[in-house]
S.K.: 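Pasting a structure below so you can have a look.
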2 protein chains.
Amino acid sequence: MVTRAEAAATTRTALLAAASDLLDTGGPDAVTLRAVAARVGVSRGAPYGHFENKEALLARLAIDAWTSLAQEVERLRAAPGPTPAARLEGAVSTLVGVARRRPHLYALMFSTPADEPQAAQAAGRLQRAFLDIVADVVGPSQALSYAALLMSSAHGIAGLEVSGHLSKEKWTVDGDELVRLLIAAIASAR
Amino acid sequence: MVTRAEAAATTRTALLAAASDLLDTGGPDAVTLRAVAARVGVSRGAPYGHFENKEALLARLAIDAWTSLAQEVERLRAAPGPTPAARLEGAVSTLVGVARRRPHLYALMFSTPADEPQAAQAAGRLQRAFLDIVADVVGPSQALSYAALLMSSAHGIAGLEVSGHLSKEKWTVDGDELVRLLIAAIASAR
DNA sequence: CGGTTTCATATGACGATGTCATGTGAACGA
DNA sequence: TCGTTCACATGACATCGTCATATGAAACCG
């Protein structure tokens with residue numbers, strides 16, 4: 001036997017998983033409340049018992065993605081990597097990697113309002129973890145500005161790459177090389 | 001009296017202008033074929049006489065934006081600016097400026113497939129103009145990779161800034177300072 | 001244990017939207 | 001002048017997000 005609360009929690013989780021799946025495989029247009037509900041095996045009105053509306057469901061997906069990414073970078077910071085510069089390169093690659101593996105989810109992360117409290121908290125957590133890694137390379141005094149630069153560049157590299165505007169044939173370089181180039185430039189600039 | 005072709009061209013232009021207007025003021029959700037048609041004063045089926053579907057209309061908007069941006073950078077290259085580095089800073093700021101002034105149009109530019117022939121051509125034109133400006137600073141041999149890095153970073157700075165994830169209170173820097181920081185780092189790296 | 005309440009889910013309905021088939025009237029070409 | 005073409009209008013349809021309402025079983029309470 002299953003308690004009512006357990007069943008509800010299961011349904012809620014299944015709804016999120018179904019939405020995530022549909023987003024990954026079919027893009028944003030495939031994420032339809034009806035399709036999500038159908039995949040879980042509930043009716044089209046059921047999601048409204050767990051989320052205020054479609055936007056809230058997607059926001060939850062984005063918040064979870066932010067949190068997961070923050071945790072991944074935190075693990076990277078704790079792991080005994082080689083040199084601090086190599087660890088920084090790994091951290092930046094992690095950011096770009098999310099965009100490569102799950103482009104639609106990545107886009108969703110940045111389409112949810114940054115002032116949403118939970119998303120802001122998870123984003124702040126990612127910022128702090130990343131900041132620590134950068135500080136190990138450039139020192140604490142310049143960490144903030146260079147971290148902002150690195151994060152912005154990673155975001156741009158990811159965006160251009162995913163959108164197809166950073167093709168190797170046109171630019172002769174790929175995203176990974178740009179990451180290394182940027183870190184080298186920052187290191188040389190002190 | 002107006003010839004039929006003239007009237008059609010006028011309608012087509014008006015449809016694009018109305019869509020652009022709705023996009024700027026109300027975001028992507030406000031761009032409805034019905035709203036576009038209503039603003040022009042035609043029926044809801046009329047747009048299908050000028051564009052294959054809604055996606056094609058938006059693609060045309062994006063292509064025009066790419067072309068316009070390419071022209072702007074070309075003008076910048078031709079203008080007698082101060083130092084090459086200052087001109088480069090101006091070019092990067094131009095890219096970021098589009099995202100600031102017309103965020104929804106900017107997002108649309110990168111959501112249209114990069115393999116669309118006309119968009120690819122306009123993007124290539126922008127790339128060449130930008131490449132020239134970068135070459136004046138870092139020399140022709142390294143221009144390609146640094147141009148790719150600068151363009152990516154500009155794209156990322158713009159994206160983070162527009163999405164609210166690059167707030168000055170959280171990072172103590174703004175997009176313009178990041179642009180200068182990046183150019184300085186590149187210059188120091190040679 | 002029996003009655004009542006609660007709550008997750010089901011169902012019907014509504015407005016909005018993209019899209020197409022069809023109709024229409026005026027400009028066009030011979 | 002008379003068909004033809006073509007830009008546009010209109011009606012219709014499927015799909016979507018959303019809500020009001022119904023239902024049935026779990027939860028609670030005496």
Side-chain angles (χ1 to χ4, degrees), chain A residues 1-63 104-105 107-108 111-113 116, chain B residues 1-62 104 107-108 111-113 116:
Chain A
M1 164 185 160
V2 210
T3 80
R4 191 154 56 177
E6 285 170 346
T10 300
T11 300
R12 196 191 124 103
T13 303
L15 287 171
L16 286 171
S20 175
D21 231 40
L22 286 169
L23 182 64
D24 284 341
T25 58
D29 291 348
V31 184
T32 256
L33 276 189
R34 286 163 140 92
V36 170
R39 178 169 286 222
V40 174
V42 295
S43 77
R44 36 183 211 285
Y48 288 91
H50 302 271
F51 304 93
E52 190 185 342
N53 49 30
K54 181 183 181 181
E55 188 187 344
L57 189 156
L58 293 178
R60 170 53 53 186
L61 229 48
I63 292 168
H104 302 297
L105 179 63
L108 180 65
S111 73
T112 71
E116 208 281 338
Chain B
M1 164 185 159
V2 210
T3 80
R4 191 153 59 177
E6 284 170 348
T10 300
T11 299
R12 196 190 124 103
T13 302
L15 287 171
L16 286 171
S20 175
D21 231 40
L22 286 170
L23 182 65
D24 284 340
T25 58
D29 292 348
V31 184
T32 258
L33 276 189
R34 287 164 139 90
V36 170
R39 178 169 284 224
V40 174
V42 295
S43 78
R44 39 186 210 283
Y48 288 92
H50 302 271
F51 304 95
E52 188 183 344
N53 49 29
K54 181 183 180 179
E55 188 187 342
L57 189 154
L58 293 178
R60 170 53 52 187
L61 229 46
H104 302 297
L108 180 66
S111 72
T112 71
E116 210 278 339

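Letters A, B, ... are given to chains in the order of the sequence lines, protein chains preceding strands, and every chain is numbered from 1. What you see below is based on every heavy atom in this structure, not just the backbone, and it leaves out hydrogens, waters and symmetry mates.
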S.K.: What is the separation between atom CD on B/E6 and atom C1' on C/dA27, rounded to the nearest whole Å?
M.R.: 12 Å
S.K.: Could you check whether A/G45 gets within reach of a base, just the sugar-phosphate, or nothing at all, counting any heavy atom under 4.0 Å?
M.R.: base
S.K.: Test your reading of the model: is there a side-chain donor-acceptor pair from A/E116 to the backbone of A/P113, 3.5 Å cut-off?
M.R.: no
S.K.: Of all the nucleotides listed (C/dC20, D/dT18, D/dG11), which has the minimum atom distance to the side chain of B/R44?
M.R.: D/dG11
S.K.: Nearest of D/dA7, D/dC8, C/dC20 to any side-chain atom of B/A8?
M.R.: D/dA7
S.K.: Taking OH from B/Y48 and P from C/dC20, how many angstroms apart are they, rounded to a whole number?
M.R.: 6 Å
S.K.: Please pick, from D/dG17, D/dA7, C/dT19, the nucleotide with the shortest atom-to-atom distance to any side-chain atom of A/K54.
M.R.: D/dG17
S.K.: Quick check: on DNA chain C, is the nucleotide nearest A/S43 upstream (toward 5') of the one nearest B/A5, or the reverse? Name the residue that is more 5'.
M.R.: A/S43
S.K.: Would you give the length of the straight line joining atom OG1 of A/T112 to atom CG of A/L58, rounded to the nearest 0.5 angstrom?
M.R.: 9.5 Å
S.K.: Rounded to the nearest angstrom, tell me the gap between atom CG in A/L33 and atom P in C/dA10.
M.R.: 14 Å
S.K.: Roughly, in whole Å, what's the span from CG in A/N53 to P in C/dG15?
M.R.: 20 Å
S.K.: Indicate the atoms forming the closest heavy-atom contact of B/D21 with B/R39, along with that distance.
M.R.: OD2-NH1, 2.9 Å
S.K.: Can you check the B/R34 CZ to D/dT10 C1' distance for me, whole Å?
M.R.: 11 Å
S.K.: Check whether any side-chain nitrogen or oxygen of B/T11 sits under 4.0 Å from OP1 or OP2 of D/dA7, and answer yes or no.
M.R.: no
S.K.: Expressed as a whole number of angstroms, how long is the span from B/H50:NE2 to D/dC6:P?
M.R.: 13 Å
S.K.: Please check: side-chain N/O of B/S111 versus main-chain N/O of B/L108, any donor-acceptor pairing under 3.5 Å?
M.R.: yes
S.K.: Using whole Å, what does the distance between atom P of nucleotide C/dT19 and atom CG of A/D29 come to?
M.R.: 11 Å
S.K.: What closest approach, in Å, do A/A14 and A/V40 show between heavy atoms, and which atom pair accounts for it?
M.R.: O-CG2, 3.4 Å
S.K.: Between C/dA8 atom C1' and A/L15 atom CG, what is the distance in whole Å?
M.R.: 12 Å
